[in-house]
Every structure is written in C-alpha cells, then in structure tokens.
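None of the values given here were measured: they were computed from a predicted structure. In what follows, chains are A, B, ... by sequence order, proteins preceding strands, each numbered from 1.
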There are 2 protein chains.
Amino acid sequence: MEWQGCPVRYAAGIFGDKWSFVLLRDVLLHGKRYYGDFLASEEGISTNVLASRLADLEASGMLTRHQDPEKRSRVFYLPTRKARDLLPALLAMMVWSVDHDPDTKAPESFAPFVKQDMARAVRWYEAQIDKANAPLLDKL
Amino acid sequence: MEWQGCPVRYAAGIFGDKWSFVLLRDVLLHGKRYYGDFLASEEGISTNVLASRLADLEASGMLTRHQDPEKRSRVFYLPTRKARDLLPALLAMMVWSVDHDPDTKAPESFAPFVKQDMARAVRWYEAQIDKANAPLLDKL
DNA sequence: GTGAGTCGCTTTTGATTTGCAAGTGATTTT
DNA sequence: AAAATCACTTGCAAATCAAAAGCGACTCAC
C-alpha cells in the first residue's frame, strides 16, 4: 500500500495500530523502558508481537535500542525526539477520550490540566520523560 | 481484550486502525460523505473492509448513516459531534507528520497555520465540515 | 413495463497476520 | 556446574485481510 505523502497516512503507518499505540503510551507516559516492562503491561501483549512492534518503532525512528551495560542480557528502549514530539497529539487524543468515554478512569484533574495550557502540560510530561531516562543515560 | 478505562486504549479501540483512521480523515477533512466517495479514496479500501469499518464507526457514535431521500439506493454518512471533536487531535497528529516525514506532500502553509492558533484552525475546519454537510442536511 | 445499469453491501476464496505455547541461546546467579 | 533470567524465535491454529464475484434494491432509458 502507498502510505506516502499524506500526513494522516504517515501517522497511521507508524502508530495506526493498537499495539504500537500502547507501546508509545507506555514509553512516553508510564516511564517504561525495558523489554520486560512492556511485556508486563496489563493489556498482555505477546512476545512475538512485542518484538515485532519494537523493531518497527526502532526502524521508524521512534525508539533506540540499548543493551544494559550492567547486565548485558537486558535491553532497554529510549524514546527519540520524534517520539517525544508526539506528546501534543497524544495528549489531545487523551482529552478527547476523557470527554467522550463515559467509563474513563483518567483522574478528573487530567483534562482541565491539559486544556488550560497545552504547552505547559507538554513541558511537564517532557520533564517526566527526562526523569525516567536519567538513570539509563548515566549507564551509557 | 479489555479496552476499558485508559484513554489511550479507548482512542486505540476507535481509530487505532489504519482504515478507520483514513475514513475519519476523509469525512472530517475531505468532505466525503457517500459510500462511493470513501470507496474511491486513493488508498483503495476493499468493499468488505469499508462496510465493516463504517458499521464500527456508526456503532461507536462517530458517524450517522442516512439514506439519500432523492435516490434511495444511495447512502451517506455524517460525522457526529464526537467525531468533529477529534479535530484538535487529528490536526496535532498531522503537524507531527509534516514535521517528521521528509516526503510529506502537505502544503507548506499547513503546519504554520495550525501551530500559530490551533483554536482558529479548528474553527476553520469545522466551518468546512458544515459546508460539506449543508446540502445533505437540507434533504433530510 | 422491461432490461440494463448503479449502488451498497455480503459472500467466497485464498493469503497474510495474529495470539498462544513452547523453544533457544546468551548471559547471570547460586 | 546447574539453574534461572532475559530477549527474543519458531511452529501452529485461528482470526483477519484483500480481491473478486454475487446479490437485492433501486433507478433510468426507452
């Protein structure tokens, strides 16, 4: 299929897929970095799909793969700038979900926080990402 | 799978799928309304998938289905408020794609227009949607 | 009013992708 | 040295997909 040129198709090609979407959420919002962290997500991704999606996301420049130098059998993934730049879109989507899903479990404070000042919300989540990255960056 | 509670999973359940994504683009941004319009999109969706996705989007409250009263063999679909509320997220995603896809074919003016004032951009696209709806709403 | 389209699906038929379970091989740990 | 951990791979049945043909309800030309 031709996924070239159109911005919506480009986005769909990279995360227009349940599992890629959930992995990006985990790495951007939940501070997950290790293969095992992703595997343990409550959605229960299977190992073959996880390996395949991580490879896809690495290939499309969303994640970088690293061996843990302290324990070389472990592997972690860091979000690139390209992935981090998804935050505004991701937060906007989440606000939409909170507004339209009667069963949402997001905290009441989330939507107002983002709606009031998106730029500030993005900065806050960027800081969280830096915090999650820090101990791993020290190792490299 | 349990798609309940988490806003990202909610969004993924509704448009975390290439074809739903493309259909929402067509109805929100390209003024497509008729079954035949969607079928003719350059991506070449097959009829069984199109019928299935339209039914899904209707079931999740994104589209409403209508028979054309002037020619009852034709059918059109209108975006609901819930679908229209996706505009901010959709535009944010498109800006991200334009920023990161070296082969993007979006006009140069698009990203600055949205970045400069998102609220204004949303209003502009809402007006386009109203324009596309108008002739059909007259019929009903 | 009849026959030839048009339109919006549905069905059928393979091919691809998925989820699950069971490996595998490279490290650590004991 | 043996056992456990970890990040995948592999094999397979089941679900999903695309492509093509079929179908019934219209609509239009004559």
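Under the rule for a side chain to side chain contact (heavy atoms under 4.5 Å, CB included), the partners of Ser97(B) that lie at least two apart in sequence or sit in another chain are Pro7(A), Tyr10(A), Ala11(A). By the ring-ring contact (aromatic ring centres under 6.0 Å, His included) test, Tyr77(A) is found to be paired with no residue, residues two or more places apart in sequence or in another chain being considered. With sequence neighbours left out, Ala119(B) forms a side chain to side chain contact (heavy atoms under 4.5 Å, CB included) with Asp117(B), Arg123(B). Applying the salt bridge (charged side-chain N to carboxylate O under 4.0 Å, His left out) criterion to Lys82(B), with sequence neighbours excluded, gives no partner residue. With sequence neighbours excluded, the residues forming a side chain to side chain contact (heavy atoms under 4.5 Å, CB included) with His66(A) are Thr64(A), Phe76(A), Leu78(A), Leu140(A), listed by chain and number. By the salt bridge (charged side-chain N to carboxylate O under 4.0 Å, His left out) test, Asp37(A) is found to be paired with no residue, residues two or more places apart in sequence or in another chain being considered. With sequence neighbours left out, Arg120(A) forms a salt bridge (charged side-chain N to carboxylate O under 4.0 Å, His left out) with no residue at all. Annotation: salt bridge (charged side-chain N to carboxylate O under 4.0 Å, His left out) contacts of Asp56(B) (sequence neighbours excluded): none.
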Study note, to complete from the structure: Protein heavy-atom contacts under 4.0 Å, written 5' to 3' over nucleotides 8-15 of chain C as B (base), S (sugar-phosphate only) or - (none), form the string SBBB----

Taking only N/O atoms, report every protein-nucleotides 23-25 of chain C pair under 3.5 Å with atom names and distance.
none

Distances under 3.5 Å between protein N/O atoms and the N/O atoms of nucleotides 2-4 of chain D, please, pair by pair.
none

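Sorted by first and then second residue, the ring-ring contact (aromatic ring centres under 6.0 Å, His included) pairs involving residues 35-64 of chain A (not counting sequence neighbours) form an empty list.
Across all non-hydrogen atoms, the minimal contact from Ile129(B) to Pro79(B) is CG2-CG, 4.1 Å.
Taking side-chain N and O atoms only, Trp19(A) has no distance below 4.0 Å to OP1 or OP2 of dT18(C).
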